Amino acid sequence: MPIRELSPHLINQIAAGEVIERPASVVKELLENSLDAGARTIWLDVEQGGVKRIKIRDDGTGIPKDELKLALSRHATSKINSLDDLEQVRSLGFRGEALPSIASVSRLQLTSTADQNGSGWRYEINAGEAGDVQPHPHPHGTTIDVADLFYNIPARRKFLRTERTEYSHIEQLVRRLALSHFDTAFELRHNQRQSMRLPAAESAEAMTQRVAEVCGKAFIEQSIFFDESNAGLRLWGWIAQPGFSRSQADMQYFYVNGRAVRDKLVIHAVRQAYQDVLYHGRQPAYVLNLELDPRLVDVNAHPAKTEVRFRETRLVHDYVFRTLQRVIAELRPGEQTAPSEFSDKLKLDQLFEQKNVNLPIPGYPTAFEQRSSVSVKEQLAGYAAMAEAAAGLSPAAEAGLLPPLGFALAQLHGIYILAQNAAGMVLVDMHAAHERITYERLKTGYDAADLKVQPLLVPLQLNVSVREAERVEQEQTLLAELGLQLDRSGPEKITLRALPAILKNDNAETLVRDVMADLVTHGESTKIEEARNEILSTMACHGSVRANRSLTIPEMNTLLRDMERTERSGQCNHGRPTWLQFSIEQLDKLFLRGR
Ligand code: ADP
Ligand code: MG
């Protein structure tokens, strides 16, 4: 075949192949346009999972009559005009490709009114054939009607899933955008039935309400809100306590300057922050917004604009990681609600199913009396002190006076501490709690001590790539900070001469290779810290109270107070919860009280 220029219609269809994968991709582009146009309300009407029709109306700026045709031509945009604009894009769109691409694979109708009291105009494209601009009444704003998606691309149609699946992708997309554009109201209908309605959320309460609507009540109840800025970077949002984790990475919303992204660097930084509080294999849940100077992010990295490139990778990674690590560390009893994922599972029916529940028989010595070395008198003394302290106080004052974890009443089977606090009953896994306390102490002790570096008797030679060897030369300062003395000893050779003393028995080669891999991909490495923490964690485990050790009431109370003071004390070193709260309401429910 001779070389020919492709027709504009075919060019658009090829472009559509990149960005318009399924109905949800159309919704994404259209919603982004409405948001860019400053819409306060967006109405979205979807039929048959979006395959039959996607109709979106907004009350944004609208498109003037003489620009309607341009809006549908390729590489035409009102959002940028120069390279300088591109380098500091604030709008969600900027490539001028979405509308012509969509129009090339569907029947598209664009109706808009740009001036406040003018009447609207409509422009239609059918199979790439443009019609005329016709007058058509329309309220201020824009309506785009996309019908019969992929009717002319049978190959694409084959890849579409069921109506339900396609629709759930659309819903997920609306949720994703709704969590970053709180001032805009969203109304979503599927097959003429309302399926989602999110009013504009301006106040903090309304925003929380929207997050609850989108991520579920459990998420909002077990997450904390924070807002931190530093040196031109701002990170804010909601992160779930480690106790509320997911088996899938399906509740991770991250926005960079209002743009939803799935960025490897950022995901890595967040995971790292949850490092030693998350149970093995679990995924954290979060809604996070990173804001920074648009010049420091390149958003033109991907046609669908879901990936970004940061100019200063290390800075961003470090900032996200450190900020979240601090926020998570500060989660302590009293500032957080106890993990209730467990208590949710404890449903009444399930409890009654367990027929062998031991009911107390009056007058019969309880298991506690038989096994515990703590005398009943001692127990009562502890209880009396608390009762006295709380006597005559209003519930609010009582809550203020009682420590968050309350006071210990007894030890159960040498494993659990039973305590009473303002909300009700607290159960503490003694070993898990003590392990975390010891671990945190060891870490603090270690951080404070000078980094002791131990020279290797026999330096370790490693074969690496030229790129890695060069990296070692460039990163001398950072490596020294990590306690590694690592030199380049040949074009493809490096030599390890010293490493932190605490790690000396570790497999140094694997460690160095892991650190190198991190440096190359993320520009920094926490592998040394992780390896060190692993050792400290094992030490903590061995140095902690074992099950079946009896504690006195004062000892138990000391442990509770230590927990309140210790960072990350809600989870043991392996991410299991250390304590659970049972409120009086929950207990009442179990006993069918007040029914
Ligand atoms: P881009 O968003 O990258 O500029 P599009 O093809 O998505 O490219 O849209 C082309 C142009 O049409 C936009 O730059 C904008 O000026 C206009 N436009 C599209 N949708 C709307 C809308 N809902 N309200 C106002 N203007 C719109
Ligand atoms: Mg666009």
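One-based numbering, in listed order, for ligands and for the atoms of each. Just the heavy atoms: all of them, side chains too, but no hydrogens, waters or symmetry mates, feed the values below. Keep in mind the model is a prediction, meaning the values are calculated, not measured.
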> Have a look at ligand 1 and work out which part of Asp58, if any, has a heavy atom under 4.0 Å from it: side chain, backbone, both or neither.
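The answer is the side chain.
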
> Specify the protein heavy atom at minimum distance from atom 15 (C) of ligand 1: its residue, its atom name, and the distance to 0.1 Å.
Ser78 OG, 3.5 Å

> Distance from Glu470 atom CD to Arg488 atom CZ, nearest 0.5 Å?
5.5 Å

> With a cut-off of 4.0 Å, which atoms of ligand 1 are near a heavy atom of Pro100?
6 (O)

> Considering only non-hydrogen protein atoms, determine which one is nearest to atom 20 (N) of ligand 1 and report residue, atom name and distance to 0.1 Å.
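Ranked first by proximity to atom 20 (N) of ligand 1 is Asn33 CB, 3.3 Å.
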
> Within less than 4.0 angstrom of ligand 1, does Ser112 place any heavy atom?
no

> Do you see a donor-acceptor pair shorter than 3.5 Å between the side chains of Arg95 and Asn300?
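Looking only at side-chain atoms, Asn300 and Arg95 do form a donor-acceptor pair, the distance falling under 3.5 Å.
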
> Specify side chain, backbone, both or neither for Ala76, according to which of its non-hydrogen atoms lie closer than 4.0 Å to ligand 1.
backbone

> Report yes or no: does a heavy atom of Glu29 sit under 4.0 Å from some atom of ligand 1?
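No, that is not the case, since the closest heavy atom of the residue is not under 4.0 Å from the ligand.
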
> Output yes if Thr77 passes the N/O/S-under-2.8 Å test against the Mg ion (ligand 2); output no otherwise.
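Looking at Thr77, which is the residue asked about, there is no N, O or S atom under 2.8 Å from the Mg ion (ligand 2).
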
> Using a 4.0 Å heavy-atom cut-off, say whether Thr142 meets ligand 1 through its side chain, its backbone, both or neither.
side chain

> Any nitrogen or oxygen of Phe94, side chain or backbone, less than 3.5 Å from one on ligand 1?
yes

> Using modelled atom types and a 3.5 Å cut-off, is there a donor and acceptor pairing between side-chain atoms of Arg157 and backbone atoms of Leu149?
yes

> So, do Glu468 and Ile494 sit near enough that their side-chain heavy atoms are less than 4.5 Å apart?
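They are not in contact (no side-chain heavy atoms under 4.5 Å apart), so the answer is no.
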
> Output, in order, the C-alpha distance, side-chain angles, deciding distance and verdict of side-chain contact (heavy atoms from CB on, under 4.5 Å) for Gln272 and Gln275.
CA-CA 5 Å; Gln272 198 110 77; Gln275 185 74 58; 3.5 Å; yes

> So if I count the atoms of ligand 1 from 1 in the order they appear, which ones are less than 4.0 Å from some heavy atom of Gly93?
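Those atoms are 2 (O), 3 (O).
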
> Counting heavy atoms only, which part of Ala37 comes closer than 4.0 Å to ligand 1: side chain, backbone, both or neither?
side chain

> What protein heavy atom sits nearest atom 2 (O) of ligand 1, and how far off is it?
Lys79 NZ, 2.6 Å

> Looking only at heavy atoms, what is the nearest atom pair of Gln476 and Leu486, with distance?
NE2-O, 2.8 Å

> About how many Å separate CG of Leu233 and CG of Asp318, when rounded to the nearest 0.5 Å?
10.5 Å

> Judged by modelled atom types alone, do Asn12 and Ser104 share a side-chain donor-acceptor pair under 3.5 Å?
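The answer is no; no qualifying pair exists.
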
> Quick one: look up the protein heavy atom nearest atom 18 (N) of ligand 1 and list residue, atom name and how far away it is.
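So the nearest neighbour among protein heavy atoms is Ile63 CD1, 3.6 Å.
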
> Using a distance-only test with no angle check, is there a side-chain donor-acceptor pair under 3.5 angstrom linking Ser195 and Tyr167?
yes

> Which residue holds the protein heavy atom closest to atom 4 (O) of ligand 1, what is that atom called, and what is the gap in Å?
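Closest protein heavy atom to atom 4 (O) of ligand 1: Thr77 OG1, 2.5 Å.
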
> Quick one: look up the protein heavy atom nearest atom 12 (O) of ligand 1 and list residue, atom name and how far away it is.
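Going by distance alone, atom 12 (O) of ligand 1 is nearest to Ala71 CB, 3.5 Å.
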
> Going from OG1 on Thr323 to CD1 on Ile328, what distance comes out if it is rounded to the nearest 0.5 angstrom?
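With rounding to 0.5 Å, OG1 (Thr323) is 10.5 Å from CD1 (Ile328).
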
> For the residue pair Thr143 / Arg57, report whether a side-chain donor-acceptor contact shorter than 3.5 Å exists.
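No.
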
> Heavy-atom contacts with Arg95 under 4.0 Å: which atoms of ligand 1 show up? List them by number with element.
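Ligand 1 atoms under the 4.0 Å threshold to Arg95: 3 (O).
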
> Once rounded to the nearest 0.5 Å, what's the spacing between atom CH2 of Trp43 and atom CD of Glu187?
7.0 Å

> Heavy atoms only: which of Ile80, Ile144, Leu99 is nearest to atom 6 (O) of ligand 1?
Leu99

> Answer yes or no: does an N/O atom from Gly96 fall short of 3.5 Å to an N/O atom of ligand 1?
yes

> Backbone or side chain, does any N or O of Ala98 fall under 3.5 Å from an N or O of ligand 1?
yes

> Which atom pair, heavy atoms only, marks the closest approach of Asp36 to Lys79?
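Residues Asp36 and Lys79, closest heavy atoms: OD2-NZ, 2.9 Å.
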
> For the 3.5 Å polar cut-off, considering only N or O atoms, please tell me whether Thr61 and ligand 1 meet it.
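Not met; the criterion fails.
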
